[in-house]
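By convention in this document, chain letters (A, B, ...) are assigned in the order of the sequence lines, proteins followed by strands, and residues within each chain are numbered from 1.
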There are 2 protein chains.
Amino acid sequence: MTDPVAILLRCGVRPTSQRVAIADYILGARSHPSADEILAHVKKTCPAISRATVYNTLNLLVEKGLVTTQILREGTVVFDPIVDNHHHFIDEQSGRIYDIPWEALRVSGTADLKGFDVRRFQVVLRGRRRR
Amino acid sequence: MTDPVAILLRCGVRPTSQRVAIADYILGARSHPSADEILAHVKKTCPAISRATVYNTLNLLVEKGLVTTQILREGTVVFDPIVDNHHHFIDEQSGRIYDIPWEALRVSGTADLKGFDVRRFQVVLRGRRRR
DNA sequence: TCTCTTTTTAGACCGTATCTAAATTCATGA
DNA sequence: TCATGAATTTAGATACGGTCTAAAAAGAGA
Ligand SMILES: [Mn+2]
Ligand SMILES: [Mn+2]
Ligand SMILES: [Zn+2]
Ligand SMILES: [Zn+2]
């Protein structure tokens, strides 16, 4: 089920045209966009939309567990439709953020840290994307 | 050699009173402070110091390789006197950031990622600090 | 259709970070 | 010692991300 209207309804969120436009974009996005990037994109199909609605809706989608926020860029949060554990690679040249599947890396030792109750973790990698 | 004046001189940076106060604080800090937290602290001994000087000096220290910036908190960069590879644990309750030694964890698979030239990485862990 | 609730909106507001231009400090050498 | 110019500091302006407010608009239910 990938229809944004159905997804919103299933979460008990009224599928207004603004929310549908935002959900339609972010739920399929692979680019880890910021709120302002989402606003710019959604304005193409919904020109009167306001910044407040974009922030309100994104925060609502986070609350409903449909997207996550990630702290990977300086100065702004980015939104991620992948809610399950995964890692991130940041291209230092372009700033683009790529998803790395959870199974692609193995991390050991997190359970042995004395004094730290680790609930979740991710590896943040930086370098250069090879074409 | 842990004298901030000597450290600044060795890097070719004129050790003004403002810079010494900032370097003295951040080079020994274990708390991953933001620029404004550093400003607040340094104002105690250097009350006339300006925000611009704190930012200028911190950026200079980063340029000289004496401290690093880390993107771990929403809305602000934090500064870290540990310039070598290490990991970070974030207490979700308090927001405090703890250093995890590089040797405490083992990460495998980073060299096998097709299409990604990994130059460096760190594990970002979240959970609850056990006293 | 009427009414009440939910949603959207513009713009104010706040925090972080940078920039600008003037003032100050400092090194240097006459 | 003093004059000069370069480096540094400063207050305040500017820019941008994000939240809040209060009023307008839209929608659901009677
Ligand atoms: Mn803005
Ligand atoms: Mn900002
Ligand atoms: Zn992701
Ligand atoms: Zn650290």
What is the distance from CZ of A/Arg51 to C1' of C/dA10, rounded to the nearest Å?
11 Å
Value in whole Å for how far the C1' atom of C/dT18 lies from CG of B/Leu58
14 Å
Flag for B/His87-B/Asp99: side-chain donor and acceptor within less than 3.5 Å:
no
Does the distance from a Lys or Arg side-chain N to an Asp or Glu carboxylate O, for B/Arg129 and B/Glu92, drop under 4.0 Å?
no
Taking CG from A/Leu8 and P from C/dT7, how many angstroms apart are they, rounded to a whole number?
11 Å
Report the nucleotide, chosen from C/dA17, D/dG18, D/dG17, that has the shortest atom-to-atom distance to any side-chain atom of A/Asp36.
D/dG17
Quick one: label A/Thr16 by what it contacts on the DNA or RNA (base, sugar-phosphate, nothing), any heavy atom closer than 4.0 Å.
sugar-phosphate
Taking A/His32 for the side chain and A/Phe79 for the main chain, is one N or O donor matched with an acceptor at less than 3.5 Å?
no
Which of these nucleotides, D/dG18, C/dT9, D/dG12, is closest to any side-chain atom of A/Ile49?
C/dT9
Between B/Gln122 and B/His88, is there a side-chain donor-acceptor contact under 3.5 Å, judged purely by atom types and distance?
yes
Using every non-hydrogen atom in the two residues, find where A/Val83 and A/Gly65 come nearest and quote the distance to one decimal.
CG1-O, 3.4 Å
Nearest whole angstrom, please: distance from the C1' of C/dT6 to the CZ of A/Arg19.
8 Å
Mind calculating the distance between CG (B/Asn59) and P (D/dT9) to the nearest angstrom?
13 Å
Using 30° and 60° as the class boundaries, would you call the ring planes of B/Phe116 and A/Tyr98 parallel, tilted or perpendicular?
perpendicular
Quick check: closest heavy atoms across B/Leu72 and B/Ile90, and the distance to 0.1 Å?
O-CD1, 3.7 Å
Rounding to 10 degrees, work out the angle separating the end axes of the helix from C/dT1-D/dA30 to C/dA30-D/dT1 (five pairs an end).
10°
How close or far is atom C1' of C/dT7 from atom CG of A/Leu61, stated in whole angstroms?
14 Å
Round to a whole Å and report the spacing from CZ of B/Phe79 to P of C/dA17.
7 Å
Just to confirm, is there a sub-4.0 Å distance from OP1 or OP2 of C/dA17 to any side-chain nitrogen or oxygen of B/Tyr55?
yes
Verify the contact: side-chain N or O of B/Asn56 to OP1 or OP2 of C/dC19, cut-off strictly under 4.0 Å; return yes or no.
no
Correct closest heavy-atom pair for B/Asp24 and B/Pro4 would be OD1-CG, 3.7 Å
Below the 4.0 Å mark, does D/dT10 have OP1 or OP2 next to a side-chain nitrogen or oxygen of B/Thr53?
yes
When all nucleic acid strands are considered with a 4.0 Å heavy-atom cut-off, which category describes B/Thr76: base, sugar-phosphate, or nothing?
sugar-phosphate
Would you indicate, yes or no, if C/dT9 has its OP1 or OP2 atom less than 4.0 angstrom from a side-chain nitrogen or oxygen of A/Gln18?
yes
Base D/dG27 paired with A/Arg14 side chain (donor-acceptor, <3.5 Å):
no
Using atom CZ of B/Arg73 as one end and atom C1' of D/dG17 as the other, report the distance to the nearest whole Å.
17 Å
D/dG18, D/dT10, C/dA17: which one has an atom nearest the side-chain heavy atoms of B/Ala52?
D/dT10
